[in-house]
Protein chains: 2
Amino acid sequence: MMLDPAEHAAIEKAVSEIKIVPARTVMVEAGETLRHSALVIDGLMGRTISDRDGLRQFVGLHLPGDFVDLHSYALSQLEHDIASVTHARVAIVPHDRIHALVADTTLARKLWFATLLDAAMHRAWLFRLGRLDAMGRVAHFLCETNARLRAVGLSDGRRFALDLTQNDLAEICGVTSIHMNRILRQLREEGLCVVRSSHVEILRPDWLAARGQFDASYLYLDPDAA
Amino acid sequence: MMLDPAEHAAIEKAVSEIKIVPARTVMVEAGETLRHSALVIDGLMGRTISDRDGLRQFVGLHLPGDFVDLHSYALSQLEHDIASVTHARVAIVPHDRIHALVADTTLARKLWFATLLDAAMHRAWLFRLGRLDAMGRVAHFLCETNARLRAVGLSDGRRFALDLTQNDLAEICGVTSIHMNRILRQLREEGLCVVRSSHVEILRPDWLAARGQFDASYLYLDPDAA
DNA sequence: CCGCAAAACTAACCTACGGCAATCTCATTC
DNA sequence: GAATGAGATTGCCGTAGGTTAGTTTTGCGG
């Protein structure tokens with residue numbers, strides 16, 4: 001988000017509480033009225049929408065450093081759930097303190113920008129679900145996650161830890177977990193990418209990006225993160 | 001967006017130009033550097049992402065009254081195209097004038113809110129593509145569009161004009177136009193909904209909402225728009 | 001009123017993915 | 001180290017939706 005140190009400190013000071021969220025726990029349910037937002041410190045948090053049978057579609061995945069629901073500040077209630085994927089720690093920032101923060105117009109713009117990045121990611125996900133087949137979706141997602149993790153120093157560009165079950169991946173990519181298993185096997189057998197027990201290794205990054213038609217520009221990362 | 005008259009006037013005064021966009025014209029291409037945003041006056045505008053074969057996925061559809069690319073103000077370049085669907089008129093608002101507008105913190109918050117609504121709609125679209133079958137997607141989209149058009153007085157709750165071809169609908173719902181044709185025929189034959197030559201008539205709104213698992217809350221419309 | 005293009009529609013065939021039903025492999029706990 | 005349970009894996013079969021290759025309708029300019 002390119003916050004300068006002063007802004008960083010200001011946000012840090014606005015934190016009221018550090019919350020521990022056990023793995024696979026719904027932290028916020030759709031429709032709840034919220035008076036604070038959450039910032040991921042470590043672990044993975046997800047935003048999900050459930051269908052009438054309780055089957056979930058992920059609409060976002062949040063890594064350490066991400067504001068999960070900054071938008072709840074302006075919306076005050078959300079139309080989706082917020083749940084932990086892994087065990088996680090989040091910093092709680094009360095809305096009234098955000099209100100004080102955004103008195104600084106520059107910071108206000110940066111926070112706005114952060115929510116716009118989320119929206120850009122939503123659009124990339126729409127493309128993924130609308131135009132790619134199952135393997136393309138997985139490829140696209142892995143490229144995206146690799147790029148994002150790399151930007152926060154959690155990937156070396158080929159290998160990274162990612163504590164998602166095949167079922168989580170399925171809920172992200174809009175396929176069944178059985179089919180996700182088949183796709184992962186294919187990727188493995190073809191020597192392109194190994195996704196196994198919370199660890200991902202991309203053997204042919206260029207190929208994966210082509211297969212998923214991935215172009216990182218929507219992440220608006222620093223140019224140095226080649 | 002619930003702007004008060006003064007705010008409305010302020011935005012109107014910020015318009016530099018009214019632009020006519022012929023039907024099916026790309027107005028802004030991904031990657032272009034933008035110095036203004038556009039507000040739809042009449043017609044339909046769409047936001048699309050193309051795959052490598054040029055096949056498009058709609059990631060948003062904008063009706064009269066919508067800001068199409070307000071987010072370009074903070075992002076300055078977009079990762080998707082903006083194209084007219086029908087013949088349209090748009091009001092151009094230069095970014096430097098928006099900069100002046102957002103000096104008013106209240107208005108800044110409302111514009112932020114407007115971009116958050118877009119994001120909420122993206123998430124609903126993600127749910128649509130990720131969890132619904134083709135008929136569910138169409139049902140969901142028609143319910144959404146009906147609700148949105150109703151909010152601006154362009155639908156009576158059952159019938160409305162919608163100048164989309166079957167191919168447009170296909171690009172919105174992530175299916176082929178051939179399959180879209182099959183779905184529309186089914187809806188017609190089962191007496192649920194008639195979509196024909198730029199006109200939609202919903203015969204059984206409740207059924208359609210159930211079929212598409214549609215819940216309008218993500219549109220954050222006034223409560224009176226039952 | 002004709003000619004043309006775009007859109008709507010149809011049919012026959014094919015495949016990617018879903019659904020179901022097992023089985024297998026771990027890691028955890030007592 | 002047996003018991004438990006979550007997750008991974010596999011096979012089989014059914015179907016929603018894609019593909020290809022048309023024909024028919026609609027709307028529009030001349």
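A note on names: the letters A, B, ... follow the listed sequences, proteins ahead of strands, and every chain is numbered from 1.
For residues 117-144 of chain A, the set of pairs meeting the salt bridge (charged side-chain N to carboxylate O under 4.0 Å, His left out) definition, not counting sequence neighbours, comprises A/Arg47-A/Asp118, A/Arg123-B/Glu79, A/Arg128-A/Glu144, A/Asp133-A/Arg211, A/Glu144-A/Arg148. For the ring-ring contact (aromatic ring centres under 6.0 Å, His included) condition, no pair includes a residue of residues 119-139 of chain A, sequence neighbours left out. Within the structure, no pair that satisfies the ring-ring contact (aromatic ring centres under 6.0 Å, His included) test touches residues 157-201 of chain A, not counting sequence neighbours. Sorted by first and then second residue, the salt bridge (charged side-chain N to carboxylate O under 4.0 Å, His left out) pairs with a member in residues 179-193 of chain B form an empty list; sequence neighbours excluded. Within the structure, side chain to side chain donor-acceptor pair (under 3.5 Å) pairs that include any residue of residues 86-95 of chain A comprise A/Ser37-A/His95, A/Asp42-A/Arg89, A/Ser72-A/His95 (at least two apart or interchain). Within the structure, the salt bridge (charged side-chain N to carboxylate O under 4.0 Å, His left out) test picks out the following pairs touching residues 16-28 of chain B (sequence neighbours left out): B/Arg24-B/Asp168.
Not a single donor-acceptor pair under 3.5 Å links the side chain of A/Asp69 to the backbone N or O of A/His71. Without hydrogens or angle criteria, B/Thr115 side chain to B/Phe113 main chain gives no donor-acceptor distance under 3.5 Å.
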Which parts of nucleotides 15-22 of chain D does protein reach within less than 4.0 Å, heavy atoms only, written one letter per nucleotide 5' to 3' as B for base, S for sugar-phosphate only and - for none? --BBBB--
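Checking A/Gln166 against A/Asn181 by side-chain atom types alone, a donor-acceptor pair falls below 3.5 Å.
Contacts of B/Glu12 classified as salt bridge (charged side-chain N to carboxylate O under 4.0 Å, His left out), with partners at least two apart in sequence or in another chain: none. Taking the side-chain hydrogen bond (donor to acceptor under 3.5 Å, both in side chains) definition, one finds that A/Glu171 meets it with A/Arg56, sequence neighbours left out.
With rounding to whole Å, A/Gln186 atom CD is found 14 Å from D/dT9 atom C1'.
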Enumerate the protein-to-nucleotides 24-30 of chain D contacts in which both atoms are nitrogen or oxygen and the separation is below 3.5 Å.
none

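The nucleotide range of DNA chain C contacted by chain A, defined by atoms under 4.0 angstrom from heavy atoms of the protein and reported 5' to 3', is C/dC17 to C/dC20.
For the pair A/Val194 and A/Leu203, the minimum side-chain heavy-atom distance is below 4.5 Å.
For the helix from C/dC1-D/dG30 to C/dC30-D/dG1, the axis fitted to the five pairs at one end and the axis fitted to the five pairs at the other end meet at an angle of 40° (nearest 10 degrees).
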